[in-house]
Structure formats: C-alpha cells, structure tokens
Amino acid sequence: MFIRNALAAAAILLSVTAGTAATTVLDLTTATNDGTTLTMPDAAITAGTGTTLHVGDFIANAVCPLGSLGCNGSMTLAFDFDVSNVAFDFGFGDPGDSATITGFDSIGNVVGTLLLSLTGGTDVASLAAFGTLRSILFDNTAASGFGYAYGNISFDPSAVPLPAALPLLLGGLAGLGALGARRRKLA
C-alpha cells in the first residue's frame, strides 16, 4: 500500500513539475515607485542614468522612461526568474522616434535585439523569438521626439525543469512495487 501511494504521489509531482504556467501581465499601477525603480511581484524596472519612471502615460498600465524631452530615456526590466513569450504595447511616438529593445539571459548574454519604429498611435511588440530571457533593456535615447511608453507587459514563466533524479526515483519506486507484488504472490 505504501509503494502504491508513493508511486501516485510521484506521478502527481511529475505532472506538476513538467507543466507550464499561464501568461502573466505585470501590474505597473500597483507597483512601488520611488521614481527610479518600480518594484512588483516577479520583476522590477530600473530607470537608466538621468531617467525617472512615470507610470500611466498612454494607457493606465504603462511606464515611460522619462528623460529631458519626454519618454526619451532608458529602463531595464529584470524578472525574478526566466521568462518567455514576452509581449508589450508601445506607442505615441513622433516622426523620427525609434527604440532599441535588447533581451538578456540569466547570465547577461544578449538573446535578441529589436528595433521599434512607430510615428503615431500604438502597436504590440513580441519578443517570443528571443526564447528564454531574464531581463530587457528598453532604450529610447535615440528618440528625436517624445519617445515611447510601454504597457501591458506580458510573459510566460519558463517551464520548471524536471529534476534529474525524478526518473530514477520513479524507477526505484516501481521496482519496489514489483518486488512487493512478487513477495505477495509467493506467500
């Protein structure tokens, strides 16, 4: 009976460990903002040199890296864990505005770069092609106009890796179960 219960518990652990979580949207409106750092569960956004962070620019759940001429500064979004499928709204740029978005992995290697160029309105950018990343640099410093604000930042937490010892544990428990069944059959 113990072996059967242990096998059932291990199977549940295996299914939970191998699963992935649903898409999450960062809530910037409830983040703690000291002007240079937005702190929230799962992540923090830090303003670049000479930049402050202004929340609620073009939509309620947006942040602007406020520089000397508007949203023409830089900011870094750092997650507490690896993420994938990052997407965000950006917008209300002026003619000549551009931004460079750079993704980094957990040890600081560049995993991708995206150039944004939008002269008005809003659009959605996806960093899904970057794969797994840990932080993102939003660099509006080349903007010649107002620059971009960024909102509704969504991501998928990366799948939790299966512990290497779990298959060995399952095999050992299965072997014990088979041995117990054999003993009962012989008795």
Side-chain angles (χ1 to χ4, degrees), residues 17-31 33 36-48 51-67 69-162:
T17 304
T20 58
T23 298
T24 301
V25 177
L26 291 177
D27 185 359
L28 304 176
T29 61
T30 61
N33 184 1
T36 59
T37 304
L38 281 175
T39 306
M40 64 212 94
D42 303 331
I45 299 175
T46 306
T51 303
T52 58
L53 300 174
H54 175 70
V55 176
D57 224 3
F58 71 95
I59 55 174
N61 193 28
V63 61
C64 162
L66 197 57
L69 301 172
C71 294
N72 63 339
S74 66
M75 64 184 192
T76 300
L77 166 59
F79 293 96
D80 295 341
F81 43 81
D82 288 343
V83 299
S84 59
N85 298 321
V86 175
F88 53 87
D89 297 337
F90 70 101
F92 291 115
D94 297 319
D97 276 351
S98 65
T100 303
I101 310 302
T102 307
F104 301 91
D105 65 14
S106 62
I107 57 173
N109 295 320
V110 173
V111 295
T113 302
L114 177 67
L115 180 63
L116 301 178
S117 180
L118 182 66
T119 59
T122 62
D123 203 355
V124 177
S126 172
L127 305 182
F130 288 12
T132 301
L133 52 91
R134 181 67 65 95
S135 64
I136 304 165
L137 172 63
F138 296 83
D139 187 354
N140 288 358
T141 56
S144 60
F146 185 73
Y148 302 126
Y150 304 93
N152 295 318
I153 302 167
S154 64
F155 63 94
D156 293 339
S158 291
V160 178
L162 184 66

Heavy-atom closest pair, residues S84 and S158: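 Closest pair (atom of S84, atom of S158, distance): N-OG, 4.0 Å.
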- request: Over all heavy atoms of both residues, which pair between T113 and V110 is shortest? Give the atoms and the distance, please.
  value: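 Distance-wise, the nearest heavy atoms are OG1-CG1, 4.0 Å.
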query: Just by distance, do the side chain of N61 and the backbone of G151 share a donor-acceptor pair under 3.5 Å?
result: no
query: Hey, does the side chain of D97 reach the backbone of G147 with a donor-acceptor pair shorter than 3.5 angstrom?
result: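 Here the side-chain-to-backbone pair exists.
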message: side-chain hydrogen bond (donor to acceptor under 3.5 Å, both in side chains), that's the test. Do N140 and N72 meet it? Break it down for me.
response: CA-CA 5 Å; N140 288 358; N72 63 339; over 6 Å; no
query: Aromatic rings F90 and Y148: how do their planes relate, parallel, tilted or perpendicular, breaks at 30° and 60°?
result: perpendicular
Sub-4.5 Å side-chain heavy-atom contact between [X] and [Y]:
X    : Y    : value
F104 : T76  : no
L127 : I101 : yes
V86  : I136 : yes
L53  : V55  : no
L38  : V63  : yes
M75  : T51  : no
V83  : L133 : yes

message: By the salt bridge (Lys or Arg N to Asp or Glu O under 4.0 Å) test, which pairs, at least two apart or in different chains, include something from residues 133-154?
response: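 Qualifying pairs: D82-R134.
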So, taking the atom named [atom1] in [X] and the one named [atom2] in [Y], what distance separates them when rounded to the nearest 0.5 Å?
X    : Y    : atom1 : atom2 : value
D89  : N152 : CG    : CG    : 4.5 Å
L137 : S74  : CG    : OG    : 6.0 Å
S126 : N85  : OG    : CG    : 7.0 Å
D42  : T24  : CG    : OG1   : 6.5 Å
M40  : D80  : CE    : CG    : 9.5 Å

task: Begin with the C-alpha distance, continue with both residues' side-chain angles, and end with the deciding distance and a verdict on side-chain contact (heavy atoms from CB on, under 4.5 Å) for V25 and D27.
output: CA-CA 6 Å; V25 177; D27 185 359; over 6 Å; no
side-chain contact (heavy atoms from CB on, under 4.5 Å) between I45 and N33, intermediate numbers included: CA-CA 9 Å; I45 299 175; N33 184 1; over 6 Å; no
- prompt: Got a sec, which pairs hit ring pair (Phe, Tyr, Trp, His ring centres under 6.0 Å) with one end in residues 105-143, sequence neighbours left out?
  reply: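 Every ring pair (Phe, Tyr, Trp, His ring centres under 6.0 Å) pair that includes a residue of residues 105-143, provided the two are not neighbours, is F88-F138, F138-Y150.
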query: Between L115 and S98, does a side-chain contact (heavy atoms from CB on, under 4.5 Å) hold up when you go through it step by step?
result: CA-CA 7 Å; L115 180 63; S98 65; 4.2 Å; yes
task: Please assess L114 against T100 for the test side-chain contact (heavy atoms from CB on, under 4.5 Å), listing each intermediate value before the final yes or no.
output: CA-CA 6 Å; L114 177 67; T100 303; over 6 Å; no
